[in-house]
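Remarks on the structure that follows.
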Amino acid sequence: MTPLTQRFDFSRYNYILVPLAAGGLALLVGGVIIWLLGANPFQAYIGMLQGAFGSPNALADSLVKAGPLLFVGVGICIAYRGGVINIGGEGQIVMGALATTMIVLTFSNLPGLLLIPLALIAGFIGGGFWGGIAGFLKARFNVNEVLSTVMLNAIAVQFMTFLLNGVWIDPTTLDNAIRIPQTQRFPLWADLPRLTPTRLHAGILLGIAVAVLAYILLWRTTIGYRIRAVGFNTVASKYAGIGVGRYQILAITLSGALAGLGGAVEVLAVNHRLFTDGSATGFTGSAGFNGIVVALFGGLHPLGVIPASFLFGALLTGANSLQRTVQVPGAFVTTLDGLVVIFVVASQIWARRRATRRALIEPAPKENVASADAV
Amino acid sequence: MLEQLFAPAVIIGILASGIQLATPYLYASIGEMFSQVSGVLNLGVEGVMLIAAFVAYYVALKTSNLILALALAALAGALMGLLTAFLSVTLKAEQGISGIGIYLFGLGLSDLLFLVLVGTPTAIRGFPELDLPVLSSMPVLGPILFSQNILVYFAFACVPLAWFVLNKTTLGLKVRAVGQTPEAADSLGISVARVRYIAVIVAATMAGIAGASLSIAMFNIFQQNLTSGMGFIAVALVYFGGWRPFRVMLGALLFSMVNALQLWIQTLGIGLPSDIAGMLPYILTIIALIFAARQIVTQPTALTKPFERGE
Amino acid sequence: MKVRYTFFIIALVAMLALAACATPTAAPQPTAAPAQATAAPAGKPFRIAVVMPSAANDLAFSQSMIDALGELQKEMGKDKLEFVYSENMFNVTDAATAIRDYATKGYDLILAHGSQYGASVQDIAPDFPNTAFAWGTAVDTFKEKGVNNVFAYTVASDQGGYVEGVIGAKLSKSKVLGALGPIPAGDGQLTIKGFEAGAQATDPNVKVQTTFTNSFSDVALMSQAAQTQIASGADVLTGTSQSVVGAVSVAKDKGALWFGNQSDQASLAPEIVVASQVYDWTVALKDMMAKINGGTRGGEVFIMTFANKGLVMVYNPAYKLPDDVKALADKTVAGLADGSIQTGIK
């Protein structure tokens, strides 16, 4: 349905203009807080822009930060489309990283060309296993996934501490009385290649490829169609003879697998070892939660997650740079993140208006309807 | 070694600790249950708890008036609830995500305020343990049940109260109606939005009291990220309880007591690595639910779904 | 669909362009110092940047460093020493970005104040050969790996723990002591081992019970751990990490004694805090600054001990410690300092 008039129609781009405006508004409120804290908001935001985009290094940092968000975000899209709320990203990232670490430590003699793919696959399986448990518990025992994923997050972290403070601990730290709960540095040939002299690594490309594959899976295959059908209307799918439980397990398993892959990339490309501070965030940077936000900002569409994760990564990186520039308390960074999420999510009603209207007119609107009143 | 665990002193200790630890979960979960039954998932409980915990702490620090501190914490919770309701009901925002926003905002703001207004953790005088006359001197049960601070008693009193409100009052009926079949409720002239606003604000007020129970009754101090994930556990416990107050209470008690148990296991020197012991509460909660969830639990049909008139 | 994302990408590129344009105008701001920082020339202040995992006011590990820098600044004057910090950098990716950024901004010394930052420091330091880095708590300067501009610093917290154990064994009536920690690792675990050793050496009949909560931040669990310790007979407690604040309050309510670690924790409960083992990093910092001004930017390990006064027992003036116990404590500190007493922790 092409509109009769071809004049530029701003409301067409609501889905991008509205969130950007809302983000701007959040930064405005943040600016007032900065001012109240006795710092210069302009200097602060210049610091933020510089830290996020100002140099090749800054850009690379933003992209590196976006990496896990991209993997988790794409996974969340699949879960949401299948009607499953996956808030277990944190635990799934950790389990993926653990599986990767196990492979690297066990087969450290293998050449990189073999070791890296093997380690990545292990991460995929590790995260998928952890997500799959939640899916299985839901389908088989009717255990709600919100409960199980919250619990599984905690279990994964304890398990990580158990391994890192036990069998996997770096032997060199045992020689001196300080025990550091981390593995030894991985062999150099296990490092994911860097793309530039900066910290930018090949994992980002993998993330983009995964997003494209997820898009193809969801919209170009029968499996994907069924996942979406289950999420869109469980009852109707049941009548249509689709095994609802099976596809929900599949959706959350894939979602967990991608989070796990994100964890694998983090260890192989960024940290080159696994460590713990007894929390998940120390390793994940809360990507398991932020990935949910990114998925929504990307319209619950795997391809939309690509730019959304980059923008969110830039926001997080920039906010830290802001803190360094004007030396406001670290808590301001969290506050600002919260404000941006609240403002942008609140603005969705305006961004959505257009999409919904189109959805009512256009003939094949399945995905638009789904995103309009997603889950 | 294991038989040490069954010594009466240990069992009393576990029960007493468990009851105390369960208190913040009870407030937060029972509140969250109201919100969910009305159809609104509020993942931001943690953020609300943190802000209220700070408010309670700050007021207690400045005025030493604990009642005022509690009241203002509840008010702070209610205001956060108003914000949550505005996002979820009026603006129909994606609830899982607005909750994460509220969480981050609460986490950051409470820390920021603490830093600017107080600076360094300073202890306050919180609610003392209240020995209920006669009852507390009862052997065995006395120290477990009747020698706690007043917020503990209130928390457990909330459970039957919540059951009564939800099942025996018009308000409860309306709350359930807008969570199950908002369209039908709407056609009967019930304002879906208003009922949800009430439920969400009640929930956040209780989360506020939960936060206060930490800072002015349990620890008598505030610190960055004081709740450390409790709000998320509280949300999970609502699912554990299948939206029924007494089962939510059972979940809170189970989780807390297993946590107390694992601390005792360590303290008594029973050779279980601390990380494995630390997993117990989470694993046992899942296992308990596997057995409990066999009977079909009906989730509020409209949970997380904003109500759109004329759809 | 296609148009949507093309537009999105165009918008992104536009933003990048804008940001790039913003950069030159921002250059002359005061914080952006020249990237090349040779050993601070006379007249210019020595500039230190700290990246740390928890809050600057955690009354524990991070605060010990901020307090030390504040102390040093008071001593040297604000025109001689400047410092900035990034707190809450529990995520190592963020910490690495911060470390690199401070290096780019030309700070003379960058403190990576967390044992989890090692790989990042190893990665970044070679790119900034004229900047000195310091990593703690750790003992590896990566010298064998060809990195010459990293110091390492750590603390023999078993010594402080030992003294606390000695005093605790003397003060305990129940002869049961309790030790609380986050995870059995790092300086916290060392403190607890020292505490056990000190208590045992003083009175073999004393029992030390240990509990780990597996979290640096879980105040609720730590306070329940204290509760459990007290219920099972402990009347003297110690603990590490920022999550102990609730435990101290529990100890106060139940009348147990408390030994602080890392920072001075007497302010939490003046009635019951006997003493705190305080990490005084000024000792290491002064050494490092002298080395840097002399042209050496790394390769050495600093271990804070009683001997070099990097570890200090700070007694709470509000708590009346019996004279004989205080004398024994002083003797123990002196013995640990001159080596006549060994904690036996390796």
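Lettering of chains follows the sequences in order, A, B, ..., and the numbering in each one begins at 1.
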Does any backbone or side-chain atom of [X] lie under 4.5 Å from a heavy atom of chain A? Answer side chain, backbone, both or neither.
X: B/Leu43; value: side chain
X: B/Ser110; value: neither
X: B/Ile97; value: both
X: B/Val238; value: neither

Atom pair [atom1] ([X]) and [atom2] ([Y]), whose distance is rounded to the nearest 0.5 Å:
X: A/Met160; Y: B/Asp275; atom1: CE; atom2: CG; answer: 11.0 Å
X: A/Ile342; Y: B/Leu104; atom1: CD1; atom2: CG; answer: 8.5 Å
X: B/Ile283; Y: A/Met151; atom1: CD1; atom2: CE; answer: 11.5 Å

Which atoms of [X] come close to chain B, meaning under 4.5 Å heavy atom to heavy atom: side chain ones, backbone ones, both, or neither?
X: A/Ile155; result: both
X: A/Leu336; result: neither
X: A/Val293; result: both
X: A/Leu36; result: neither
X: A/Phe343; result: neither

Candidate pair A/Leu37 and B/Leu112, rule side chain to side chain contact (heavy atoms under 4.5 Å, CB included), full reasoning: CA-CA 9 Å; A/Leu37 288 169; B/Leu112 208 54; 4.2 Å; yes
Which residues pass the ring pair (Phe, Tyr, Trp, His ring centres under 6.0 Å) test with B/Tyr282, not counting sequence neighbours?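 Expected list: B/Phe255.
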Can you name the residues that form a ring pair (Phe, Tyr, Trp, His ring centres under 6.0 Å) with B/Phe34, not counting sequence neighbours?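 Scan of B/Phe34 (ring pair (Phe, Tyr, Trp, His ring centres under 6.0 Å), adjacent residues dropped) gives none.
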Could you tell me which of A/Val146, A/Leu339, A/Thr161, A/Ile33 has the largest number of non-hydrogen atom pairs under 4.5 Å with chain B?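 Ranked by contacts with chain B, first place is A/Val146.
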Which one of A/Thr149, A/Val150, A/Ile87, A/Asn153 has the most heavy-atom pairs closer than 4.5 Å to chain B?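 Among the listed options, the one with the most contacts to chain B is A/Val150.
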Applying side chain to side chain contact (heavy atoms under 4.5 Å, CB included) to B/Leu289 and A/Leu147, what does each step give before you reach the verdict? CA-CA 9 Å; B/Leu289 195 55; A/Leu147 174 115; 3.2 Å; yes
Name the option with the most non-hydrogen atom pairs under 4.5 Å to chain A; the candidates are B/Leu107, B/Ile276, B/Leu115, B/Leu280.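 The candidate making the most pairs under 4.5 Å is B/Ile276.
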What's the verdict on side chain to side chain contact (heavy atoms under 4.5 Å, CB included) for B/Glu94 and A/Tyr80, showing C-alpha distance, side-chain angles and the deciding distance? CA-CA 12 Å; B/Glu94 181 65 39; A/Tyr80 259 71; 3.5 Å; yes
Taking all heavy atoms of [X] and all of [Y], pick out the closest pair and write down the distance.
X: B/Leu87; Y: A/Ala346; value: CD2-CB, 3.4 Å
X: A/Val341; Y: B/Gly101; value: CG1-CA, 3.5 Å
X: B/Leu109; Y: A/Thr335; value: N-OG1, 3.3 Å

Which residues, numbered in order, of residues 285-292 of chain A come under 4.5 angstrom of chain B by heavy-atom distance?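 Heavy-atom contacts from residues 285-292 of chain A to chain B are A/Phe289, A/Asn290, A/Ile292.
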For the OH atom on B/Tyr197, are there more than 12 heavy atoms of other groups (residues, nucleotides or ligands in this structure) within a distance under 6.0 Å?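 Correct, the count exceeds 12.
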Hey, can you pull the donor-acceptor pairs under 3.5 Å for the side chains in residues 327-334 of chain A, sequence neighbours left out?
unit_1   : atom_1 : unit_2   : atom_2 : d
A/Gln327 : OE1    : C/Tyr85  : N      : 2.9
A/Gln327 : NE2    : A/Arg324 : O      : 3.4
A/Gln327 : NE2    : C/Tyr85  : O      : 3.3
A/Gln327 : NE2    : C/Tyr102 : OH     : 3.2

